[in-house]
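See below for the structure under consideration.
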There are 2 protein chains.
Amino acid sequence: MQPTPSRTMDIPKEIRDCGLRATLPRVRVLQLFHENPGKHFSADDNYHLLSNENIDVVLATVYRVLLQFAEANILIRHTFDTDRAFFELNKGSHHDHIICTKCGCVEDFVDDAIEQRQALIAKQHRYILQTHTLTLYGLCETCTQPGHWDRVVIFRCSVQRNGLSKCMHIR
Amino acid sequence: MQPTPSRTMDIPKEIRDCGLRATLPRVRVLQLFHENPGKHFSADDNYHLLSNENIDVVLATVYRVLLQFAEANILIRHTFDTDRAFFELNKGSHHDHIICTKCGCVEDFVDDAIEQRQALIAKQHRYILQTHTLTLYGLCETCTQPGHWDRVVIFRCSVQRNGLSKCMHIR
DNA sequence: CTAGCTGCAAAGATTTTGCATGCGT
DNA sequence: ACGCATGCAAAATCTTTGCAGCTAG
């Protein structure tokens with residue numbers, strides 16, 4: 001269910017272990033996530049990051065690879081109420097997210113009290129709980145200090161109707 | 001910020017009150033939501049429901065109207081981790097959702113303990129909290145009883161990659 | 001009357017798919 | 001060598017937009 005927590009990261013092995021061939025596109029995509037711990041990348045992000053490294057991979061392949069990795073539980077897919085999908089490395093332990101609506105940075109958090117209340121609510125509604133999504137939106141410490149805004153470099157960001165930035169990561 | 005809580009629902013007035021003209025498409029769309037309290041409809045749902053009533057409205061108009069209503073806070077927009085947007089009537093009070101991954105039915109809930117913990121977490125991370133989304137996914141009481149599954153009539157439902165039904169409402 | 005709204009058609013954005021070729025095992 | 005995977009191109013899906021004509025106030 002969760003990826004092997006090996007300290008020497010053998011990416012081809014990790015891919016083969018879930019029944020997939022260790023091809024270049026798959027290795028490089030997974031490598032990107034390992035090289036950027038905690039980051040959330042869209043298909044397009046992956047595509048451009050790989051292009052910047054002069055790796056010839058086609059967008060359709062990136063989509064296929066991300067989907068397979070998500071099905072294999074190597075990656076986790078999120079939407080964050082935007083119109084695109086973002087993926088992050090599945091570190092095995094569940095967590096929720098707090099996102100800055102200005103700079104788009106994402107932090108993880110876990111709160112046992114909330115987890116327990118959720119279980120209780122599901123029981124009260126007579127549901128068998130399978131999963132949940134909890135995302136807090138607000139302004140991060142940096143973005144609440146006006147003078148510091150110009151120090152933040154957005155990797156790529158376009159604000160959409162619902163007020164969220166379309167791209168969730170910064171350099 | 002929140003719609004007028006009048007018992008005699010004057011839909012044209014509600015529309016005019018937010019600075020929009022009470023046109024037929026707008027009146028009928030808003031009526032749909034009032035006639036189906038608690039339901040979550042996509043643009044396409046609205047379009048088909050209106051078509052069934054022999055009301056000639058074009059999909060582009062439905063999209064425009066839903067967007068305007070969401071901006072006016074008459075409706076609330078959700079994504080529910082799918083690839084479409086769903087809208088529900090804004091009853092003024094915040095709530096979260098619990099969704100059945102089998103039949104797609106949606107129930108609302110509020111939990112003060114969770115709300116308070118969220119405020120605390122935001123403070124700990126030094127965020128100014130603006131909003132949040134919490135959605136629980138599981139199997140509803142009906143769907144956990146195999147023999148009862150055939151009694152449930154899905155309005156329209158197609159399961160997608162992430163295991164969620166694309167359409168969130170049942171008849 | 002006139003600004004705002006709709007229908008229509010086209011385009012934009014994201015994601016998926018069919019098929020021939022290429023590559024991992 | 002076999003069969004899965006990729007590239008390429010096209011399509012599918014959801015959503016937005018430009019523009020001309022219509023309509024609510």
Side-chain angles (χ1 to χ4, degrees), chain A residues 11-30 41-48 50-51 55-72 77-87 156 158-162 164-168, chain B residues 11-30 41-48 50-51 55-72 77-87 156 158-162 164-168:
Chain A
I11 290 176
K13 182 177 185 311
E14 192 178 343
I15 294 171
R16 272 186 237 103
D17 281 351
C18 52
L20 299 169
R21 290 184 177 177
T23 62
L24 189 103
R26 297 212 258 238
V27 171
R28 294 310 172 101
V29 164
L30 189 49
F41 293 133
S42 70
D44 203 54
D45 295 336
N46 275 271
Y47 176 68
H48 285 294
L50 293 180
S51 297
I55 298 171
D56 269 331
V57 183
V58 133
L59 189 55
T61 299
V62 173
Y63 274 104
R64 274 184 287 229
V65 167
L66 290 174
L67 189 62
Q68 292 161 332
F69 285 172
E71 280 170 351
R77 194 191 110 113
H78 301 286
T79 302
F80 296 130
D81 250 314
T82 66
D83 56 356
R84 340 152 111 66
F86 294 89
F87 297 83
R156 200 178 61 259
S158 61
V159 175
Q160 51 177 14
R161 278 167 313 298
N162 60 12
L164 278 181
S165 62
K166 279 197 166 185
C167 200
M168 292 292 152
Chain B
I11 289 176
K13 182 177 187 308
E14 192 178 345
I15 294 171
R16 271 186 240 104
D17 282 351
C18 52
L20 298 169
R21 289 186 179 176
T23 62
L24 189 103
R26 297 212 259 238
V27 171
R28 294 309 171 102
V29 165
L30 188 49
F41 293 133
S42 69
D44 202 55
D45 296 335
N46 275 271
Y47 176 67
H48 284 294
L50 293 180
S51 298
I55 297 171
D56 269 331
V57 183
V58 133
L59 188 55
T61 299
V62 174
Y63 274 105
R64 274 184 289 230
V65 167
L66 290 174
L67 190 60
Q68 292 162 332
F69 285 172
E71 280 170 351
R77 195 190 111 113
H78 301 286
T79 302
F80 295 130
D81 252 312
T82 66
D83 59 355
R84 337 151 112 65
F86 293 90
F87 296 82
R156 200 176 63 259
S158 62
V159 175
Q160 52 176 14
R161 280 165 313 298
N162 60 13
L164 278 180
S165 61
K166 280 197 166 185
C167 201
M168 292 293 152

Here the gap from B:Phe86 atom CZ to B:Asn46 atom CG, rounded to the nearest 0.5 Å, amounts to 11.0 Å
Under the side chain to side chain contact (heavy atoms under 4.5 Å, CB included) test, which residues partner B:Val27, sequence neighbours left out? B:Ile11, B:Pro12, B:Ile15, B:Ala22
To the nearest Å, give me how far apart CG (B:Leu59) and P (D:dT15) are. 9 Å
Using rotation axes that map the C1' atoms of four end pairs onto the next four (five pairs an end), what angle separates the end axes of the helix from C:dC1-D:dG25 to C:dT25-D:dA1, to 10°? 40°
Output one line per pair: protein atom, nucleotide atom from nucleotides 21-25 of chain D, and distance, for all N/O pairs under 3.5 Å.
unit_1, atom_1, unit_2, atom_2, d
D:dA24, N3, B:Arg21, NH1, 3.2
D:dG25, OP1, B:Arg16, NE, 3.0
D:dG25, OP1, B:Ala22, N, 3.3

Do A:Asp45 side-chain atoms and A:Ser42 backbone N/O form a donor-acceptor pair below 3.5 Å? yes
Between atom CZ in B:Arg77 and atom C1' in D:dC14, what is the gap in whole Å? 11 Å
Can you tell me how far C1' of D:dT15 sits from CZ of B:Phe41, to the nearest Å? 20 Å
Rounded to whole Å, please give me the gap between NE2 in A:His48 and C1' in C:dA13. 12 Å
Using a 4.0 Å heavy-atom cut-off, does B:Ala60 contact any base of the nucleic acid, only the sugar-phosphate backbone, or nothing at all? base
Residues in side chain to side chain contact (heavy atoms under 4.5 Å, CB included) contact with B:Arg28, at least two apart in sequence or another chain: B:Leu24, B:Gln31, B:Leu50, B:Glu53, B:Ile55
Gap between atoms CG and C1', on A:Asn46 and C:dT14 respectively (whole Å): 15 Å
The criterion is side chain to side chain contact (heavy atoms under 4.5 Å, CB included); which residues satisfy it with A:Thr23, sequence neighbours excluded? A:Arg21, A:Pro25, A:Arg26
Nearest heavy-atom pair of A:Gln68 and A:Leu20: which atoms, and what distance? CB-CD1, 4.1 Å
A:Asp44 atom CG is separated from C:dA13 atom P, nearest whole Å, by 11 Å
How many angstroms lie between NE2 in B:His48 and CG in B:Leu59, if you round to the nearest 0.5 Å? 8.0 Å
Using the test side chain to side chain contact (heavy atoms under 4.5 Å, CB included), find all partners of A:Ala70 that sit at least two apart in sequence or belong to another chain. A:Phe87
A:Arg84 CZ to D:dT16 P: how many Å, rounded? 14 Å
Looking only at heavy atoms, what is the nearest atom pair of B:Val57 and B:Tyr47, with distance? O-CE1, 3.1 Å
Across the strands shown, which category fits A:Arg64 at heavy-atom distances under 4.0 angstrom: base, sugar-phosphate, nothing? base
Rounding to a whole Å, what distance do you find between A:Tyr63:OH and C:dT17:C1'? 14 Å
